[in-house]
Each structure stands twice: as structure tokens, then as C-alpha cells.
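Below: one structure, written as C-alpha cells.
Just so it is clear, the values below take in all heavy atoms, side chains as well, and ignore hydrogens, waters and symmetry mates.
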Amino acid sequence: LMEQGLALRVAQGHIDVSIDRAFLAIACLRLGDIEAADRYSLEAVEYLARAPQVENPQQVWFARAQVLRAQGRIAEAATALESAVECLHRSEQQLPPQYRERYRSVFSFNRAILYAWDSGVWPEPPMLV
């Protein structure tokens, strides 16, 4: 169903489908389909490179990091996690100071990104979708 929804959004010309691909990658990862998770997370990152103005790019990078980690590609996963943290901080800086802490804590993705970065504990299995 997620694949069908993604196909419809692409056909309708939606601007931000990188998040859809990232969520689909996480769903595939939860189902144990590492190959599909890899494909969708890579597509999400590639799309992000073409459309960097998308909302919450840290989610795309964190999905990619989780897939890489599941594949045992630890160094690449760490680099993707670092990209997620950098995106999160850039997004956060666009907000008024009084909303920044809330932005970090209210979204489960943001909490998980920072927790993985700060403590090395990743959602296992990924429970973000």
C-alpha cells in the first residue's frame, strides 16, 4: 500500500516524496526486506539531493543510516547519521529560539536521531513508522 501511495504521489507531481521513500524504507526494514529498504532509502537520499528544500531532511538521512547499519555498513551509517544531525540542527536554527527545544523533542524521529548520536543507541528494530 505504501508503494502504491508513493506511485500516486509521484504521478501527481508532489514535490516532497523523499520522506515517503524514507518511511517506506523503514517499513521494509521492519519487514526484514533489506534489499528493498536499501533501494528506497538510497532513492530518498538521491531525491533529497535534487530537491534540498524538502521539509525534515533529517528523517531521510536517518532512514538511510538505519538501513546502512542493518547491512553492517557501520562507517557509512555513522556518516549518514551525522548528516541527519546536521540537517536537524539547520532546520532547528530556522525556528525562533523558544521553539527549538520543542522541535528536538516533539518528533519521535528527532528524538531518535539525537539519542543515536548522543548515546549510540539506535531504534532496534526501527520503530519510527
Side-chain angles (χ1 to χ4, degrees):
L1 289 175
M2 290 178 79
E3 288 173 334
Q4 290 173 353
L6 175 60
L8 286 172
R9 287 176 53 85
V10 169
Q12 293 172 352
H14 282 267
I15 294 172
D16 185 4
V17 293
S18 57
I19 294 292
D20 298 282
R21 286 186 175 109
F23 286 172
L24 184 52
I26 295 294
C28 290
L29 194 58
R30 285 183 62 191
L31 293 171
D33 190 345
I34 305 294
E35 184 178 316
D38 183 51
R39 184 175 65 252
Y40 287 122
S41 68
L42 184 58
E43 287 175 5
V45 168
E46 289 171 347
Y47 186 87
L48 184 61
R50 292 191 307 270
Q53 74 282 7
V54 301
E55 190 175 350
N56 299 312
Q58 69 272 16
Q59 295 178 351
V60 173
W61 279 110
F62 193 50
R64 183 67 182 150
Q66 291 180 86
V67 172
L68 292 167
R69 186 171 182 271
Q71 292 174 319
R73 297 163 61 185
I74 304 305
E76 292 171 272
T79 299
L81 176 59
E82 183 176 6
S83 294
V85 171
E86 289 170 358
C87 288
L88 192 153
H89 288 310
R90 272 195 306 274
S91 295
E92 176 181 59
Q93 292 304 309
Q94 302 301 315
L95 298 171
Q98 67 268 25
Y99 296 114
R100 292 177 186 167
E101 177 60 37
R102 182 167 167 75
Y103 180 72
R104 277 180 254 143
S105 63
V106 76
F107 298 108
S108 61
F109 248 99
N110 291 349
R111 286 193 314 270
I113 289 166
L114 293 172
Y115 195 60
W117 182 253
D118 292 337
S119 68
V121 177
W122 296 54
E124 197 61 56
M127 299 301 293
L128 297 170
V129 175

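- Leu42 and Tyr40 fall into different hydrophobic clusters, defined by Ile, Leu, Val, Met, Phe, Trp and Tyr side-chain heavy atoms under 4.5 Å apart, directly or through other members.
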From CA spacing to verdict: side chain to side chain contact (heavy atoms under 4.5 Å, CB included), Val54, Leu48: CA-CA 7 Å; Val54 301; Leu48 184 61; 3.1 Å; yes
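- In the hydrophobic clustering, where aliphatic and aromatic side chains (Ile, Leu, Val, Met, Phe, Trp, Tyr) are joined below 4.5 Å either directly or transitively, Val121 groups with Tyr115.
- Annotation: salt bridge (charged side-chain N to carboxylate O under 4.0 Å, His left out) contacts involving residues 91-104, sequence neighbours excluded, comprise Glu92-Arg104, Glu101-Arg104.
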Please evaluate residues Ile19 and Tyr47 with respect to the criterion side chain to side chain contact (heavy atoms under 4.5 Å, CB included), reporting the C-alpha separation (whole Å), side-chain torsions for both, the decisive distance (0.1 Å), and the verdict. CA-CA 10 Å; Ile19 294 292; Tyr47 186 87; over 6 Å; no
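- The 12-atom threshold is not exceeded at CD of Glu35, counting heavy atoms of other residues, nucleotides or ligands nearer than 6.0 Å.
- Minimum heavy-atom separation, Cys87 to Gln58: CB-N, 3.8 Å.
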Quick one, Trp61 with Leu81, criterion side chain to side chain contact (heavy atoms under 4.5 Å, CB included). Give me CA distance, side-chain angles, the key distance, then yes/no. CA-CA 7 Å; Trp61 279 110; Leu81 176 59; over 6 Å; no
When you look at Trp122 and Phe62, which way does the ring-ring contact (aromatic ring centres under 6.0 Å, His included) test go after all the steps? CA-CA 10 Å; Trp122 296 54; Phe62 193 50; 5.6 Å; yes
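- By the side-chain contact (heavy atoms from CB on, under 4.5 Å) test, Ile34 is found to be paired with Leu29, Ala70, Gln71, residues two or more places apart in sequence or in another chain being considered.
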Run Asp38 and Arg64 through side chain to side chain contact (heavy atoms under 4.5 Å, CB included) and show every step you take. CA-CA 8 Å; Asp38 183 51; Arg64 183 67 182 150; 2.6 Å; yes
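- Leu68 and Val45 are not part of a single hydrophobic cluster, where members link through side-chain heavy atoms under 4.5 Å apart.
- Between Pro57 and Ser83 the shortest side-chain heavy-atom distance does not fall below 4.5 Å.
- Note: Phe23 and Phe109 meet the aromatic proximity criterion, with ring centroids under 6.0 Å apart.
- When all heavy atoms of Pro123 and Ala112 are compared, the closest pair comes out as CG-CB, 4.3 Å.
- Under the side chain to side chain donor-acceptor pair (under 3.5 Å) criterion, Glu76 pairs with Arg73, sequence neighbours left out.
- Between the side chain of Arg69 and the backbone N or O of Ile74 there is no donor-acceptor pair closer than 3.5 Å.
- Remark: Glu82 pairs with no residue by the salt bridge (charged side-chain N to carboxylate O under 4.0 Å, His left out) rule, at least two apart or across chains.
- Cluster partners of Leu31, using a side-chain heavy-atom cutoff of under 4.5 Å among ILVMFWY residues and allowing indirect links: none.
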